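The structure presented is a predicted model; accordingly, all values stated were derived computationally and were not measured. Values below: all heavy atoms of this structure, side chains included; hydrogens, waters and symmetry mates excluded.
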Amino acid sequence: GFRLFALFALVAGASAYTTGIAASRTRSSAIRMSEEAASRRQVLASAALGAVALFPSLARAEIDYDGVKYLGGGDKVDVNNANIRAFTQFPGMYPNAASKILKAVPDSGYKSAGELYNAPGLSSAEKDVIKKYESKFVFLDPKPEYVIDRLNNGLYR
C-alpha cells in the first residue's frame with residue numbers, strides 16, 4: 001500500500017516537472033522561471049512524501065513533548081533541556097550562573113537542585129541566586145533535540 005503510493009507520488013511529481021518544463025518553453029522567461037521553481041518544489045515535496053511512505057521510521061518524531069512548558073514559556077524551567085535564554089526571567093542567573101550550570105550538565109542530567117551547586121566556577125553570589133530560584137527549576141531527563149541548543153539556539157538580538 002504505502003510503497004505503491006510512494007511510487008505513484010514520485011512518478012506524478014516527475015510527470016508534473018516534465019510537463020511544466022515543456023509548457024514553460026513557449027512562454028516568457030520570467031513566467032518560465034517561476035513555473036520551473038514551482039515544479040521543482042512539487043518534485044521535492046513528492047520525493048519527501050515518497051521517502052516517508054517508503055521509510056515510515058523517518059516519520060516517528062515525538063510531537064507531544066510534555067516538558068515543552070518548561071523550556072522557557074512558563075514560570076518553571078527544565079535545567080536539563082531549556083536554552084540558556086530561559087534563565088533571563090531569573091535576575092542574576094543569566095548569563096553567568098546559567099552558563100556555568102549548563103556547561104556542567106552531566107550526560108544523565110541533573111537530578112535535583114542540590115547538584116547545581118557542583119558546577120565549576122560558581123561564585124558565592126551565584127550560589128545565592130541559585131538558592132533563591134531553586135523552586136523554579138525542574139529536572140527532566142535530557143532530550144537530544146533540546147540539549148543540542150542548550151547554550152546557543154542561533155537567536156541573536
Side-chain angles (χ1 to χ4, degrees), residues 1-10 12-14 16-17 33-157:
F2 280 127
R3 290 192 174 139
L4 184 58
F5 176 74
L7 181 61
F8 175 74
L10 289 172
Y17 181 75
M33 287 173 37
S34 173
E35 287 179 351
E36 287 175 4
S39 294
R40 280 189 220 114
R41 281 192 296 270
Q42 188 174 8
V43 168
L44 290 174
S46 297
L49 181 61
V52 169
L54 288 172
F55 305 103
S57 63
L58 295 175
R60 292 190 186 130
E62 183 176 350
I63 295 171
D64 296 326
Y65 171 54
D66 288 336
V68 76
K69 59 189 169 207
Y70 301 122
L71 296 179
D75 64 332
K76 293 190 180 236
V77 171
D78 176 11
V79 177
N80 294 324
N81 292 297
N83 180 268
I84 191 169
R85 287 180 176 262
F87 293 88
T88 59
Q89 65 181 310
F90 308 121
M93 284 292 297
Y94 178 86
N96 296 335
S99 175
K100 291 172 185 175
I101 289 169
L102 296 182
K103 286 179 182 176
V105 176
D107 289 340
S108 60
Y110 291 114
K111 302 299 181 203
S112 68
E115 293 180 25
L116 300 178
Y117 299 98
N118 296 329
L122 286 174
S123 68
S124 60
E126 289 168 335
K127 289 179 182 181
D128 291 343
V129 170
I130 294 169
K131 181 71 175 162
K132 179 178 178 181
Y133 297 112
E134 268 186 6
S135 65
K136 300 290 186 178
F137 302 138
V138 295
F139 305 92
L140 303 178
D141 290 335
K143 309 258 316 152
E145 54 269 32
Y146 297 109
V147 168
I148 194 168
D149 293 330
R150 194 183 285 146
L151 289 169
N152 181 0
N153 63 0
L155 297 177
Y156 304 101
R157 291 194 241 187

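- A heavy-atom distance below 4.5 Å is not found between the side chains of Leu140 and Asp66.
- With sequence neighbours excluded, the residues that form a ring pair (Phe, Tyr, Trp, His ring centres under 6.0 Å) with Phe90 are Tyr133, Phe137.
- Among all heavy-atom pairs drawn from Leu102 and Ala82, the shortest one is CD1-O, 4.3 Å.
- Smallest separation of non-hydrogen atoms from Leu122 and Ile130: CD1-CD1, 3.7 Å.
- Panel note: side chain Gln89, backbone Gly73; no donor-acceptor pair is recorded below 3.5 Å.
- Partners of Asn80 according to the side-chain hydrogen bond (donor to acceptor under 3.5 Å, both in side chains) rule, which considers only residues two or more places apart in sequence or in another chain, do not exist here.
- Nearest heavy atom pair, residue Ala104 against residue Pro120, reads CB-CD, 3.7 Å.
- Legend: salt bridge (Lys or Arg N to Asp or Glu O under 4.0 Å) pairs involving residues 92-104, not counting sequence neighbours, sorted by first then second residue: Lys100-Glu126.
- Once rounded to the nearest 0.5 Å, the distance linking CG of Asn96 with CD1 of Ile101 reads 11.0 Å.
- Listed by chain and number, the residues in a ring pair (Phe, Tyr, Trp, His ring centres under 6.0 Å) with Phe139 amount to none (sequence neighbours excluded).
- The stretch residues 72-84 participates, sequence neighbours left out, in these salt bridge (Lys or Arg N to Asp or Glu O under 4.0 Å) pairs: Asp75-Lys136.
- For Glu134, the side-chain hydrogen bond (donor to acceptor under 3.5 Å, both in side chains) criterion is met by Tyr117, not counting sequence neighbours.
- Contact check for Val147 versus Asn81: side-chain heavy atoms found under the 4.5 Å cut-off.
- The line from CG of Asn152 to CZ of Arg85 is 9.0 Å long, rounded to the nearest 0.5 Å.
- For residues 107-116, no residue pair satisfies the side-chain hydrogen bond (donor to acceptor under 3.5 Å, both in side chains) rule, not counting sequence neighbours.
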